[in-house]
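In what follows, a structure is listed as structure tokens, so that the remarks can point back to it.
Only heavy atoms go into these numbers, but all of them, side chains included; no hydrogens, no water, no symmetry mates. Owing to the predicted nature of the structure, the values given are computational and were not obtained by experimental measurement.
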Amino acid sequence: MASHLRLHLAAPPPLLLPHRHSHLRRVHLPRPPGGPAPSPARAPLLPLPRPLLLYRARAVGGGAEGEGEAAGGNGPGLVGEDSAAFRLGDQSVASWAYFATILAAVLLALNVLWIDPGTGVGTRFLDAVASVSDSHEVVMLLLTIIFAVVHSGMASLRESGEKIIGERPFRVLFAGISLPLAVTTIVYFINHRYDGIQLWQVQGIAGIHELVWLSSFISFFFLYPSTFNLLEVAAVDKPKLHMWETGIMRITRHPQMVGQVIWCLAHTLWIGNSVAVAASVGLVGHHLFGAWNGDRRLASRYGEAFEVLKKRTSVVPFAAIVDGRQKLPKDYYKEFFRLPYIAITALTLGAYFAHPLMQASSYQLPW
């Protein structure tokens, strides 16, 4: 429940920069009569007459026929990156140890500076918001709006902010402000989710619990792929703005938004009151804006390459697949048999069984 107020942090460009030579083909000049063959090391590089500088991680999938062809013309290629790819051989023990240290420090600081009523300012912040209205619905909506403005606002300022203070400091600032607001909104929802006006009651109907559980479980598979880049999220690795193309992105270009809608519909159906409706309106509205803003930022960063990706993907799940703009490779299912999705499965099941513990922890706060 709590984890669905998720901070989908954008991150790195595929290698599309015009100064790279990945788009050049080696051309051998004619051999002079009687002279030695030119050295391959000295053979000049001439640019290919291509309209786009396309990144080809591997020749899989693609869009409409003729779009996104690789430099050699050997079939469709990717203009974006391969999502959820995780190779153990590329991992550094030191980086993950650093990540664990940062995570422990962040959780400690979050508790001392924000959550603990004796030392933190979270209670005073919530009291200030709650002073606006006695209505739990209004407070719930205000909390989601505040989080949305800060989160999407800082995402919009990312490019300018990174130029001023750098990628890592901006990521720390972004997380340092967004995380406490997210925790407050989540805890308030847990503590007051049954305080609203009951609009319907379906919890006793056979099959509803199973439907809500399955919907919530599926929703977590729609996490935006940048969420899996934990080392970038924690600024251990330099944060980058990614343009993903494989995996869940073939189904929908905005999986985070789709997953949030699924989660909100499921929980609103189950709870059935005005507080749940207020929370869902705020969260869905935030993610709809985030979808538009995400496309705007990617278009600004990647230009024509993003337009190619946009043409062969869709916002509505499966729409590009149904109308033929997205052509799935035969081994598409392998794009989900990856460690991040195995971890998501385990964590989602764990979160379900940990619901009583999560609720008990939330009830200890006067929020």
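The NE2 atom of His355 lies 11.5 Å from the CG atom of Leu357; values are rounded to the nearest 0.5 Å. Note that OG1 of Thr185 and CE of Met140 are 5.5 Å apart. Values are rounded to the nearest 0.5 Å. The structure places CD1 of Ile262 at 12.5 Å from NE2 of His267, a figure rounded to the nearest 0.5 Å.
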Can you give me every donor-acceptor pair (side chain of residues 105-114, partner residue at least two apart or in another chain, under 3.5 Å) with its distance?
{"from": "Trp114", "atom 1": "NE1", "to": "Pro180", "atom 2": "O", "distance (Å)": "3.3"}
{"from": "Trp114", "atom 1": "NE1", "to": "Thr184", "atom 2": "OG1", "distance (Å)": "2.7"}

With side-chain contact (heavy atoms from CB on, under 4.5 Å) as the test, would you mind laying out the steps for His286 and His151 before giving the verdict? CA-CA 9 Å; His286 168 44; His151 188 262; 3.8 Å; yes
Verify ring-ring contact (aromatic ring centres under 6.0 Å, His included) between Phe217 and Phe221, making sure each step is shown before the conclusion. CA-CA 8 Å; Phe217 181 77; Phe221 285 89; 5.3 Å; yes
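Judged purely by atom type and a 3.5 angstrom limit, Glu81 has no side-chain atom pairing as donor or acceptor with the backbone of Ser83.
Under 3.5 Å, the side chains of Thr268 and Ser280 contain a donor-acceptor pair of N or O atoms. For the residue pair Ser152 and Asn293, no side-chain donor N or O sits within less than 3.5 Å of a side-chain acceptor on the partner. Side-chain polar atoms of Tyr188 and His136 form a donor-acceptor pair below 3.5 angstrom.
Every salt bridge (charged side-chain N to carboxylate O under 4.0 Å, His left out) that Glu162 has, sequence neighbours left out, goes to Arg158. The side-chain contact (heavy atoms from CB on, under 4.5 Å) test applied to Ser300 returns Glu159, not counting sequence neighbours. Looking at residues two or more places apart in sequence or on another chain, you find no salt bridge (charged side-chain N to carboxylate O under 4.0 Å, His left out) involving Asp134. Phe86 meets the side-chain contact (heavy atoms from CB on, under 4.5 Å) test with Leu88, Gln91, Trp96, Leu339, Pro340; sequence neighbours excluded.
For Arg168 and Asp237, the salt-bridge test fails: no basic side-chain N is under 4.0 Å from an acidic carboxylate O. Look at Arg250 and Glu245 and you find no salt bridge, because none of the NZ, NE, NH1 or NH2 atoms lies under 4.0 Å from a carboxylate O.
Taking the side chain as every heavy atom from C-beta outward, Val212 and Ile208 approach each other to under 4.5 Å.
Applying the salt bridge (Lys or Arg N to Asp or Glu O under 4.0 Å) definition to pairs two or more places apart or across chains, those involving residues 272-296 are Arg253-Asp295.
Here the rule is ring-ring contact (aromatic ring centres under 6.0 Å, His included) with Phe228, and of Tyr341, Phe220, Trp244 only Tyr341 fits it.
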